[in-house]
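Quick notes on the structure that follows.
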Amino acid sequence: PSDLADGIGLPFSKVIATAGKSVIDGYTAPPTPPVVQIESLSISAVELVIWCSVPIRSLDALPVYLKGALMMVCLGDRFSLNGASLNLAGKQLPAVRGSAPDVAAGLVSEYTL
């Protein structure tokens, strides 16, 4: 037997039990998440020269068909860069505020889009 006439809301007994009590009794605030705030960010141009040799089979992020194509283009089972030039343009970024992973993802996207 319920003391609710229409099945919506709280039973009268629960309302009476909480009458006169503070709504924050027993409440614990959740931990505040860390926030990164950048008012202004200027990134200088970066010029890199890269030398590396990586076994193609170890490139787990690539689909199998792409690994196969890379092996055909490289004529072997290693992907090598011998003095490859990588130039990243300088950037002036606007103010940003958010979690560290969100801010980092935003910075990465500036160079990948």
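What you see below is based on every heavy atom in this structure, not just the backbone, and it leaves out hydrogens, waters and symmetry mates.
With hydrophobic clusters built from ILVMFWY side chains whose heavy atoms lie under 4.5 angstrom apart, Ile50 shares a cluster with Phe79. Put simply, Met71 and Tyr65 are part of the same group of oily side chains (I, L, V, M, F, W, Y) that touch within less than 4.5 Å, one to the next. Val96 is not connected to Val35 by any chain of hydrophobic side-chain contacts under 4.5 Å among Ile, Leu, Val, Met, Phe, Trp and Tyr, and they are in different clusters.
Within a 6.0 Å radius of CD in Glu47, no more than 12 heavy atoms belonging to other residues, nucleotides or ligands are found. The neighbour count for Leu86 CG, taken as heavy atoms of other residues, nucleotides or ligands under 6.0 Å away, is above 12.
Taking every heavy atom of both residues into account, Lys67 and Leu59 meet most closely at CE-O, 2.8 Å. Between Ile38 and Leu41, the shortest heavy-atom distance links the atoms CG2-CB, 3.8 Å. The two residues Cys74 and Arg78 have their closest heavy-atom pair at CB-O, 3.6 Å. In plain terms, the two heavy atoms of Lys91 and Glu110 that are nearest each other are NZ-O, 3.1 Å.
Every residue was checked against the salt bridge (charged side-chain N to carboxylate O under 4.0 Å, His left out) condition with Asp25, not counting sequence neighbours, and none meets it.
Put simply, OG on Ser44 and CG on Leu88 are 11.5 Å apart, with the number rounded to the nearest 0.5 Å. Residue Leu70 holds its CG atom at 11.0 Å from CG of Leu75, rounded to the nearest 0.5 Å. Rounding to the nearest 0.5 Å gives a distance of 4.5 Å between CG of Leu93 and CD1 of Ile43. In this structure, the separation between CG on Leu48 and CG on Asn87 is 8.0 Å, given to the nearest 0.5 Å.
Hydrophobic side-chain contacts under 4.5 Å tie Trp51 into a cluster, directly or through other members, with Val49.
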